[in-house]
Protein chains: 2
Amino acid sequence: MSRQGRVRRRPPTLQDVARLAGVSTAVVSYVINDGPRGVAPATRERVLDAIETLGYRPNSSARALRRGATHLIGVLLPDIVNPFHAEFVAALDNAAAARQYSILLATTHHDPEREYSMLANLLDRGIDGLLILTYLYDRRSYTAAADRVPRVMIDESSMGRLSPLVGPDLRQGAELAASHLIGHGHTRIGFVTGALPGGSVDFRRIGWESVLGGHGLTASLVETTEWSRAGGYEGARRLLDRADPPTAIFAGSDLIAVGVLQALHERGLDCPGDIAVISFDGTTESQFSWPPLTTVRHPFEAISTAAVDTLISGDTDVEPRILPMELIVRQSCGCPPSGDGSAREGT
Amino acid sequence: MSRQGRVRRRPPTLQDVARLAGVSTAVVSYVINDGPRGVAPATRERVLDAIETLGYRPNSSARALRRGATHLIGVLLPDIVNPFHAEFVAALDNAAAARQYSILLATTHHDPEREYSMLANLLDRGIDGLLILTYLYDRRSYTAAADRVPRVMIDESSMGRLSPLVGPDLRQGAELAASHLIGHGHTRIGFVTGALPGGSVDFRRIGWESVLGGHGLTASLVETTEWSRAGGYEGARRLLDRADPPTAIFAGSDLIAVGVLQALHERGLDCPGDIAVISFDGTTESQFSWPPLTTVRHPFEAISTAAVDTLISGDTDVEPRILPMELIVRQSCGCPPSGDGSAREGT
DNA sequence: TTGTATGCGTTATCAA
DNA sequence: TTGATAACGCATACAA
């Protein structure tokens, strides 16, 4: 009945290699780690051969114990199903893998209790560094990691002072969006965005307000909702029900924008004809909605490599690095289709 | 300039706890692990106190080394950005976390080279079990894990014989979709799906063909493409360009379906009026397309808990478990809107 | 250039 | 019920 093949044998150890090569374990270690002592070419050859024939692989638990480092990076985030976070995780994973680190996920689902326990779990696992990709809801979370592990927070919105920080320039991104809509001649521009925990500032909103203000427009058409498609749907409906509905909507995230579009479709409103939409994030999903969404894209890769590098260097005593976002013009804003608005994708 | 707070101190060890409690390390270990020896209530109390005051947490590298188990589960998958995989990872992570396991991701991007090296990396990390959530492209991958670690493959399509297997009943799911479309009176039903590596069988196609055949219809309107939105877009265009275009399309995945919808919109075709669509997967994205997609949903949670349990039990010498899929009716199939077709979401 | 020997923090055996 | 102690596999200080 056994479908699973042979018996599991004990994997070979340094000892085994040393024995076969006729050297001490120290020498094998020197060969594997290129130091800290040199090895005669001939011996090195023998050791390499032994490693090869035995199929030796270093035991990473033993290494971690001895070196006091796991080469594991913890990532604290709300929810991997959210494409925005998924995109970040992918980029972070790439950046980490390129440096021989692996990533350990901890999802909070915006639940303070879970946030704290998942963080504790990460710490218990002996992560070498922590990447925070969420607003923190539990005060204890701020201090829990503090003295244990270097950490980097990817976001400029919340209490950035507490952590070294690498992140998108949300304000500049929002300004890009608002300016573009104004360039299309809109004067009643709505904003549908998600709620933030108390005390946090949404720089998207600040950017949007400042541009509108700069053009003598009042920034009153705001709906705060969930950070989800359903939230966007609801927020848009409320906006459309106002006495002075907007002619353009700036959505705080791609997910929200998708919900906004559904609300428009449902009311038989044409986008961008009746109402223009600009989105925020730049996930692939925004490209395949109907119409394809004009959006402001996070510099996922740049942020991720910067964050991982900061973490690995261990030198988190560093100036905040806020990286610029980029406007991606597609069709929901009212720009003429350029012919390549669709049918391209990452993979 | 120091933003990072105090100095990092050496975390307390078993020794420290033992010293403070005035017992041996063995006793502390007995307390922590509830065995294998008993401890007098009074002593246990003292130990617990010491643990509390020192804030002691077991070092997991040392544990892993000593116990020969990491409580880590490796997941091999193509790409976390794909919402289908993201949904699975979320469910797997939940199932694992509930059992005190963590998940280590390894993304292959469908690249055989990367597939093999990521798998090796997982194995090097000492994972206790392997979950395979992809078609394997590198023959070595099949054997690499074989004798090292229990593994479970989540898919019934490929060489299931090589691994214990837990997965969705793709064939039954496809039959659900095809039957439903036929129920709407369609006779020219197209199928847009992704390509599989050589030797693999797509049970979706088998299900679709069998239902069509059972109704005396020929199953010739097939387009094989990429497993992506862009692929769906292309596949649909090719299908529409045929001499006998379909009046209904069955999409092999939600991503493909979204691309199909975009192709329809672009040609000014109404869905479901001109062409009905049924999708496959049941990710949240399918709910917020326009129109909301009727889709066949994977039993993500059931599969995930079954897979994780099988892995942890270590008894992978078990019959394949194929779990049924479920039809979720929304609007793209031509069914009348039921009023709740939109505006609901997981989170 | 190589070998010996110690300790990283746990667990669990064996003796007391 | 408790304590001493020997591994687990590796990295390195120190000696040769």
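By convention in this document, chain letters (A, B, ...) are assigned in the order of the sequence lines, proteins followed by strands, and residues within each chain are numbered from 1. Since this is a predicted model, take the numbers as computed values, not measurements.
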**Prompt:** According to a strict under-4.0 Å criterion, is B:Asn59 in side-chain N/O contact with OP1 or OP2 of C:dC8?
**Reply:** no

**Under-3.5 Å donor-acceptor pair between B:Tyr30 side chain and C:dT13 base** = yes

**Message:** Regarding A:Val28, tell me which of base, sugar-phosphate or nothing describes its non-hydrogen contacts under 4.0 Å with the strands shown.
**Reply:** nothing

**Item:** Distance test, side-chain N/O of B:Arg67 to OP1/OP2 of C:dT11, below 4.0 Å
**Value:** yes

**Item:** d(CD, B:Glu45; P, D:dT2) in whole Å
**Value:** 13 Å

**Request:** Nearest whole angstrom, please: distance from the P of D:dC10 to the CZ of A:Arg19.
**Result:** 12 Å

**Message:** Just the rounded figure in Å: distance from P of D:dA7 to CZ of A:Arg10.
**Reply:** 14 Å

**Asked** Any side-chain heavy atom of B:Ile132 sitting closer than 4.5 Å to one from B:Val152?
**Response** no

**Prompt:** How long is the line joining CD of B:Gln15 and P of C:dT11, in whole Å?
**Reply:** 13 Å

**Message:** Which heavy atom of B:His71 sits nearest to which heavy atom of B:Gln100, and what is that distance?
**Reply:** ND1-O, 3.0 Å

**Asked** Does the side chain of B:Arg63 get closer than 4.0 angstrom to OP1 or OP2 of C:dT11 through an N or O atom?
**Response** yes

**Sugar-phosphate, base or nothing in reach of A:Ala40, heavy atoms under 4.0 Å** = sugar-phosphate

**Asked** Using a cut-off of 4.0 Å on non-hydrogen atoms, how would the nucleic acid contact of B:Arg57 be classed: base, sugar-phosphate, or nothing?
**Response** sugar-phosphate

**Message:** I need the CG-P distance between B:Asp124 and D:dG9, as an integer number of Å.
**Reply:** 15 Å

**Asked** A:Ser29 near the nucleic acid: base, sugar-phosphate alone, or nothing, with a heavy-atom cut-off under 4.0 Å?
**Response** base

**Asked** Out of curiosity, A:Tyr30 OH to A:Thr25 OG1, how far, rounded to the nearest 0.5 Å?
**Response** 8.5 Å

**Item:** Between P of D:dA11 and CG of B:Leu65, the distance in whole Å
**Value:** 12 Å

**Request:** Write down the distance between OH (B:Tyr56) and P (C:dG9), rounded to a whole number of angstrom.
**Result:** 10 Å

**Prompt:** Parallel, tilted or perpendicular: which fits the ring planes of A:Phe88 and A:Phe300, with parallel below 30° and perpendicular above 60°?
**Reply:** perpendicular

**Asked** Would you say B:Thr43 reaches D:dT2's phosphate, i.e. side-chain N/O to OP1/OP2 under 4.0 Å?
**Response** yes

**Complete:** Taking for B:Ala62 and for B:Ser24 the nucleotide of DNA chain D with the nearest heavy atom, the one nearer the 5' end belongs to B:Ser24

**Request:** Round to the nearest Å and state the distance from B:Arg37 atom CZ to C:dT11 atom P.
**Result:** 15 Å

**Message:** Heavy atoms only, 4.0 Å cut-off, all strands: where does A:Thr25 land among base, sugar-phosphate and nothing?
**Reply:** base

**Asked** In Å and rounded to the nearest 0.5 Å, what is the CD1 to CG distance from B:Ile51 to B:Asp16?
**Response** 11.5 Å

**Asked** Relative to the 5' end of DNA chain D, which residue comes earlier, B:Val27 or A:Ala26, by the nucleotide with the nearest heavy atom?
**Response** B:Val27

